[in-house]
Chemist: 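Here it is, the structure, as structure tokens.
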There are 2 protein chains.
Amino acid sequence: MDDMSNNERRRPKFKKVDKHSGIPAYVQVMNQVKTEIILGRLVPGDQLPPVRELETMFDVNVNTILKALDRLKSEGVLSSEQGVGYFVTSNIAIESPIIDELRGFVRKIKDVGLDLYTIILLIEEVWKNE
Amino acid sequence: MDDMSNNERRRPKFKKVDKHSGIPAYVQVMNQVKTEIILGRLVPGDQLPPVRELETMFDVNVNTILKALDRLKSEGVLSSEQGVGYFVTSNIAIESPIIDELRGFVRKIKDVGLDLYTIILLIEEVWKNE
DNA sequence: TATAGTGTTATAGTTATATATAACACATAA
DNA sequence: TTATGTGTTATATATAACTATAACACTATA
């Protein structure tokens, strides 16, 4: 059982951005935060770590953090209160049976020996032509 | 039956890059070209359209095209001959049973109502934690 | 040889991305 | 009220990405 009361702050683990990936840092930050919410590891009401802490976790400048969070605010996923913090507002979590299905799929594909990058290209292609 | 002789030039269809996606244009060009090869719609020996034609198809500058093709040369997927053209060199095509499997997966996921962007985030996440 | 079609290189300028640094504004609790 | 923790804004700088434009180099063919 989870001993955190509802809106108590969880401490998500974020990874440093990959500065050589060709993907802008602020996009990588957006992706990581959004993934936590989609997986239900952050739920509506949860507060994010302070921006200066995020700065360290992601290893990017505050302005880059703010740019990312600002985009997520525009998407309606986050809100912020000056002097207080950033909060998850929208429930975009995916149900776990779907995630399990996805896990099975990934395992199968990995067995074939394809790499992640190739798979993503193919899914985009197939998705757009169905 | 295909009435093209082996190394005759196919005419791949490319789409204009999305300049507001946050993904660098040259990366988008790389992705589209690579996808054609992975799907076997371009095969080793095939010649790409001239760079000035690609410029129009993708709606980006020649330099951006060259940057993309240059990266693919580094990956060993393409080669070029001055005065002649760009050619597909590497066979990175995926077998069609795998693609079919993927098609089935995408159909299932679409039925659930998820969007492409969300799926890609999830696959990356699951992939890295298996 | 001349011409057209191809890739290649170069230059200059613009915009987007990211950094470092500092100051400011608001909320909460001592 | 004061201090601390939070978000916010601003400025200056650096680098990457992208564009427009032009010239150059090689190949193939008429």
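We name chains A, B, ... by the order of the sequence lines, and we start the count at 1 in each one.
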Chemist: Side chain of B:L66, heavy atoms from C-beta onward: which of C:dA27, C:dT8, D:dG7 has the nearest atom to it?
Modeler: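 The answer is C:dT8, which lies nearest to the side chain.
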Chemist: Checking contacts here: which listed nucleotide (D:dA17, D:dT11, D:dT8) is nearest the side-chain heavy atoms of A:N63?
Modeler: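 Minimum distance to the A:N63 side chain belongs to D:dT11.
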Chemist: Determine whether a donor-acceptor pair (N or O, by modelled atom type, separation under 3.5 Å) exists between the side chain of B:D111 and the backbone of B:K108.
Modeler: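 Side chain of B:D111 to backbone of B:K108, a donor-acceptor pair under 3.5 Å: no, none is there.
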Chemist: Which nucleotide, C:dT8, C:dT19, D:dC18, lies nearest any side-chain atom of B:K73?
Modeler: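 Closest of the options to the side chain of B:K73: C:dT8.
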Chemist: B:Y26 and B:N63: side-chain donor and acceptor closer than 3.5 Å?
Modeler: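 No, no side-chain donor-acceptor contact under 3.5 Å.
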Chemist: A:K19 has a side chain; which of C:dC26, C:dT19, D:dT19 sits nearest to it?
Modeler: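 Of the options given, the side chain of A:K19 lies nearest C:dT19.
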Chemist: The side chain of B:P50 is closest to which nucleotide in this list: C:dT11, C:dT17, C:dG7?
Modeler: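 Output: C:dG7.
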Chemist: Expressed in angstrom and rounded to an integer, what is the separation of A:Q82 atom CD from D:dG5 atom C1'?
Modeler: 12 Å
Chemist: Rounded to the Å, how far apart are B:E81 CD and D:dC26 P?
Modeler: 14 Å
Chemist: Would you mind reading off the distance between A:R52 atom CZ and D:dG7 atom C1', rounded to a whole angstrom?
Modeler: 7 Å
Chemist: Side chain of B:K67: nearest nucleotide among C:dT8, D:dA17, C:dT17?
Modeler: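 Between C:dT8, D:dA17, C:dT17, the one nearest the side chain of B:K67 would be D:dA17.
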Chemist: Spell out, as yes or no, whether a donor-acceptor pair under 3.5 Å connects the side chain of B:D70 to the backbone of B:L66.
Modeler: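 Flag not set: sc B:D70 to bb B:L66 has no pair under 3.5 Å.
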Chemist: Taking atom types as modelled, is there a side-chain donor on B:T64 or B:N61 under 3.5 Å from an acceptor on the other?
Modeler: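 Short answer, no.
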Chemist: Would you mind telling me which residue lines up with the more 5' stretch of DNA chain C, A:V27 or B:V51, judged by nearest nucleotide?
Modeler: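 The answer here is B:V51.
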